[in-house]
Amino acid sequence: MDFGLDEQTSIVKDTARRFFREQCPPSRVREILATEEGYSKDIWRKMAGLGWLGLLNNEAYGGAGGAFLEMFVLVEEMGRALLPSPFFTSAVLSSWLIEEAAGQPRKETLLPRMIRGETILTAALLDHQGRDDFEDPALDAHQADSSRYELTGTRLLVPFAHVAEGILLCAKLQGREGHGPTLFLLDPATEGLEMVPLNTLTKEKTFALRLDRVGIDADRIVGDIGKGGIYMDRIRPGATVFKCAEMLGGMERVVEMTVAYVKERHQFGRPLGALQAVHHACADMATCLETARLIATQAAWLLSQGLPADKETATAKAWCNEAYKNCTAIGHQLHGAIGFTEEHDMHLYSQHAKASEMAFGASWFHRSRVADQLGI
Amino acid sequence: MDFGLDEQTSIVKDTARRFFREQCPPSRVREILATEEGYSKDIWRKMAGLGWLGLLNNEAYGGAGGAFLEMFVLVEEMGRALLPSPFFTSAVLSSWLIEEAAGQPRKETLLPRMIRGETILTAALLDHQGRDDFEDPALDAHQADSSRYELTGTRLLVPFAHVAEGILLCAKLQGREGHGPTLFLLDPATEGLEMVPLNTLTKEKTFALRLDRVGIDADRIVGDIGKGGIYMDRIRPGATVFKCAEMLGGMERVVEMTVAYVKERHQFGRPLGALQAVHHACADMATCLETARLIATQAAWLLSQGLPADKETATAKAWCNEAYKNCTAIGHQLHGAIGFTEEHDMHLYSQHAKASEMAFGASWFHRSRVADQLGI
Amino acid sequence: MRFTFTPAQDAFRAEVRGFLRSEMEAGTFSPRCGDLFQTGSREFSRKMAERGWIGMTWPREHGGQGRPYVDKAILMEELFRVQAPIGYHFLADRQVGPALIHFGSKQQKEFFLPRIVRADEGVSFCLLFSEPNAGSDLAGVATTALRDGDEYIVNGQKVWTSRAHVADFGWLLARTDPDPSANRYRSVSEFIVDMKSPGITVRPIVNMAGESNFNEVFFEDVRVPAASLVGEENAGFKQIMAQMDYERAGLERLMQNYPLFEQLKQHVRDMDPSETPETLRAWARDQVAQLEIEYSVGRLLCYYTAWTIDQGKTPTAQAAMCKAFCTRYEQKVNDVASQILGPVCQIRRGDPWSPLRGDLAESLLWGPSYTLQGGSVEVLKNIVALRGLGLPRK
Amino acid sequence: MRFTFTPAQDAFRAEVRGFLRSEMEAGTFSPRCGDLFQTGSREFSRKMAERGWIGMTWPREHGGQGRPYVDKAILMEELFRVQAPIGYHFLADRQVGPALIHFGSKQQKEFFLPRIVRADEGVSFCLLFSEPNAGSDLAGVATTALRDGDEYIVNGQKVWTSRAHVADFGWLLARTDPDPSANRYRSVSEFIVDMKSPGITVRPIVNMAGESNFNEVFFEDVRVPAASLVGEENAGFKQIMAQMDYERAGLERLMQNYPLFEQLKQHVRDMDPSETPETLRAWARDQVAQLEIEYSVGRLLCYYTAWTIDQGKTPTAQAAMCKAFCTRYEQKVNDVASQILGPVCQIRRGDPWSPLRGDLAESLLWGPSYTLQGGSVEVLKNIVALRGLGLPRK
């Protein structure tokens, strides 16, 4: 057992902390959210320059060769800063899916450009009900002619689709070459694709896609026909754990902010933080944070070593979901009305907590996966 | 809406409070539990004299004619005093089952003697796994000859079987006259019946019954063949609500005891009860008690009026289960080590809370009944 | 004992429900979660006034109907069930009227009470209690009101004031004894302030739901006639504590997201077994049943508190318990609903994919405020312990 | 970073497990829930001593093995997994030894440490901390130890003392500065007292499980040599707080009812779908998974605390957090298990119908004590807030 960060990982974490503190203070978060793009091209370029867009990719394409733990701490710092950016959907999900699924030529075309920050992809994981349906997609791909398919269905909550060069989505293919869940890389400019901006809690740019017999060429299939679910299965545990990292960062900031506030704020003639109820609430927050950090880092380490981690991943997500939620609830309670104002940062974190709780499975889902692992 | 007790009910409650305070203080509870009989014949006689053994029975047999709310407050006071006695199994369950199921002659033979305190019955509701199985009993009754059956199976946690004149049990009858769950009144002296005393948390006298082809005459069938489940269904809602009453009484005493203790006990140089954490814990206890009282009394009142109360009964038991458990947990936490000693009363209540939580359905069961009522 | 309503009460409920149904059919409003106390129009309030539904519990000599609080609770339950737009008169009806009846001068009563009851123009109120440095601690207000001849001069800042930008009058709590050595519980007073007075500036605060439902209010040498003092000078804290008991007991603390709960039940009923994982169905069933149980408990607690008031008792501890319990329930509804609905819970009202008519996302935004308004859960539990159980303060 | 054990640690675990398996096969003990710290024999402790498993983390110059706390945690996890009978040496190993190493005199170290490590006869300890009026508040002890020449004279009463009736020595906390105006945190001292000293009376207390696992201990003019003082006079409170950090971090706070949890999982695995309501199965599945999650979290927290000690840090807040978290988990196991098993949960060990080998009923009896020993949850959370987060005391 060794719970300490390696030097290399520590350096990434410290660098990221400094970088986001300078580049993306809370005031900047609000500004970026209000722009049309919903992210800062300037920050994106700088992140590319730091090599952060290719942490998971092969060195052959300019990546860092699967720097899993570095990615973990980097995403944690992003969560802390609440950086609005397509990083998760592009540099985590999409570039990894391409890495796992695509053939050599597509990798060579796409990955170096993605890693250099020249292009962005996004992944459309959720069906019309908001369910992750890679196993059995509610999106249909019917063969139109020998080299063309038609896509029909709805995708929800597709982040940054408006700035992406391509949208990865999984459709149930029925065709001459085979059938089953198949990964496609859709061009957002494709005729007939309707892209509706969604107004959500976090204000992150995200879209509904309506596809009604939208044509797509067969050469836009990524990887093998019928293997969409398998590709997604390869990246889902890691993606889940990176989502935990993002939550950890947010949680840490909420605890810091709240503890600082109760130390300074006076009520009934003494600091709020001298009340026993406040002691206990803060102790609960600190416990949530410390335990979430341990359990998420454990899963990350196991995955980084290529060790089995199904149970640990499910445990981590189930625990982080509840821990972050508890922390923001306590944070709001202790901040009182001030935390409920638009100008305060507290609510940015509570929206983030809710959005990330929902991503890659709510707690009931992960408890059920733990139960599976226990054979019950 | 009128949340006040009627005068008649108030009188019973006050009388019972005084009676148990005098007759059954905590020291006496321990003495009674240590006796062979496990109850006080003297107190039993006096209770008969007060008319309390026939509250649910028809006036024709010496009963009070279904004094449902009086029974509710009486059982509440018993729970408060933790009176060890066969009252619940005999004067609630058995006499009511007889009233609902038996023919005139049996009622005339049994009920007046039960109400006068001359005899005790008990009801064996639970199978070998501890499940209430009146619908589909795990106890078999096979026809041995034209007027005899043989009972085979196990009954658990049958209270006071050692002092009962008869044991009501429901067996799955397969015979020439019919079949289905059927109520029998078994003589405890019947040859072949094995009665094993059980050592339980509450120390109440209770038994396992082992029946291996135990013979019983056909005239010991109570009511109609195949209707055992129906008879039980008639009394189960009321029995459940009376169990809630018992829990209410216990809960009230726990709250009183604990609040008194934290006012008087000093720690860190001031009363324990001046700590904010103790304020909040006591407020939680008080809320449990107040809400449990309201919700249980609502169900009792509806049943007393013959109104539908399935949802309210399930709500009451689910709520009382958790409320009593919370109160004893907080009570133990605030009493500290002293509450963990044999000589302190606290643990008598926590055992009672656990035993009564389990009686007539744990919370998951009643939540599921509420869900049924909601149509979900 | 009678754990149900009288036929007259049932008829009254049916009458209220009928009125609301026809208003909804006429398009006056629709049941939607959000800010329960903000939405309103004088027109709607006037219709309620016509039916005698404002000041219902007030004595007849003050223009009220002298009806029991249980009847009022029936009315409020029906209003909250559909989130009726009662903002114009809500605070005046719940708080201002009863406070004036208890502590107001003859002139104040005669001027305000009949106008409130009729929902006349110009008698909408806001509550000027909280300050940047005094949230739950009302004895700590720093805004001063200093006597100057026949007037008081008010200086200071209030915050979190709902409806300050539309209200005609403000119910102000201010320090009338500025001596720092004065007993803090005996140095504040209550006033009724005309919101159009020179020197008052109202600045909206945008909340996390993106709406400006509350405000900052600045006072700069605002002159208030001495006749606007309510009750005794320096007795404001005691007066306001008594008012709070009534504020806390209402069904509004249980039903802020009631439409969401109703829709959630329907959603779970309608979940297609072939499209829903069995685990989710079982979990949703268990959790929604628990919510239903807590709702039933909270509702009974509210009616019990109303009944207690009708018995002539002051329900201090009970009302605090009621609010602490009920607001926790409301937050659980949000949590369970979002877990059942999943990622789409984030999609806000107006988008076609916003689930449960948009009420889920809005309720999630408002959720943190449930346990803050009218005393935090922590303060409420202290009240239960100190006032209800007699635990020592020190 | 390495979130798993080294091959050497895996081998060590296997060795411990092998030893315990053969002891169980030989009938020395069987895994059963109850009083984890009470059961023990010198014989069993001696076998552990032979293997170097007592004083494992102590420096070699004190007879220890100088091994890391993580290794010790592996040992303890295996012991608790089967509830091995370690009562004879447990307190001396966990608490007395480390305290002597930090604060003991040369003679004390030389006499006690090697004997404890060997599990010699005559070095079993009990802890004389709690008093009738000082439970969690150790600075409030009233028992006095007053200097009289080369001796201290002890008078007073201790309570909740596990093993006082069998222990050879008592680790005593007593007031050495009886002046009531003295700083309460600088007026108590620690002593090692021979339990056979004249004037000591031990009276068993029967607990709610019907066992006399702890005692009252009365001191009447008990003469204790001055050389028995541990560390400095009047520095006892500071010393004991440092010791507590080590007491609180152990896996014993997570695993008091571990065999019950293992059996519960097996029970749920074995539940016959044809005999079990679907609702119960779904609920049990969800709840047991949640327990497993909390167990995993607690276990990691324990190892993390051990690792922190190995880094040379004092884990005050961490250890308090660990114990507060873990004991709550233990109580939840009891609650969930009883709801899954139903009414038979009440049937105590020994009866043929007692479920889960009797461990459920016994755990229910012991449950209330989980969150009391070694500082109540409330006190522990205060420590996290004050020491860990630096919140103000006043």
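To find a chain, count down the sequence lines: A is the first, B the second, and so on, and within it residues start at 1.
Only the side chain of D/Q9 comes within contact range of chain A, with at least one heavy atom under 4.5 Å from a heavy atom of that chain. At a 4.5 Å heavy-atom cutoff, the contact between D/V70 and chain A is made by side-chain atoms alone. Contact of D/Q290 with chain A is made through backbone and side chain together, with heavy-atom distances under 4.5 Å. Contact annotation for D/K394: only backbone heavy atoms (N, CA, C, O) come within less than 4.5 Å of a heavy atom of chain A. Interface remark: D/R393 contributes backbone atoms only to the contact with chain A (heavy atom separation under 4.5 Å). Only the side chain of D/F325 has a heavy atom closer than 4.5 Å to any heavy atom of chain A.
Here the OG1-CD distance, from A/T287 to D/Q318, works out to 11.0 Å after rounding to the nearest 0.5 Å. Here D/S296 contributes atom OG and A/L294 contributes atom CG; the two are 12.0 Å apart, rounded to the nearest 0.5 Å. Distance check: D/Y304 OH to A/R293 CZ gives 8.0 Å after rounding to the nearest 0.5 Å. Once rounded to the nearest 0.5 Å, the distance linking CD1 of A/I376 with NE2 of D/H267 reads 11.0 Å.
Of the listed residues (D/V384, D/L386, D/T308, D/L300), the one with the most heavy-atom contacts under 4.5 Å to chain A is D/L300. Contact count against chain D (heavy-atom pairs under 4.5 Å) is highest for A/R367 among A/M285, A/R367, A/K311, A/Q305. Ranked by heavy-atom pairs under 4.5 Å with chain D, the list A/V262, A/L302, A/D284 is led by A/D284.
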Evaluate the side chain to side chain contact (heavy atoms under 4.5 Å, CB included) criterion for residues D/M1 and A/D2: first the C-alpha distance (whole Å), next the side-chain angles of each, then the deciding distance (0.1 Å), finally the verdict.
CA-CA 5 Å; D/M1 183 175 287; A/D2 176 0; 5.5 Å; no
Side chain to side chain contact (heavy atoms under 4.5 Å, CB included) between D/E378 and A/H280: does it pass, once the steps are laid out?
CA-CA 7 Å; D/E378 288 75 19; A/H280 287 187; 3.8 Å; yes
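Between A/W301 and D/F3, the angle of the ring planes lies from 30° to 60°, which puts this pair in the tilted group.
Using a cut-off of 4.0 Å between Lys/Arg side-chain N and Asp/Glu carboxylate O, D/R285 and A/D372 are scored as salt-bridged.
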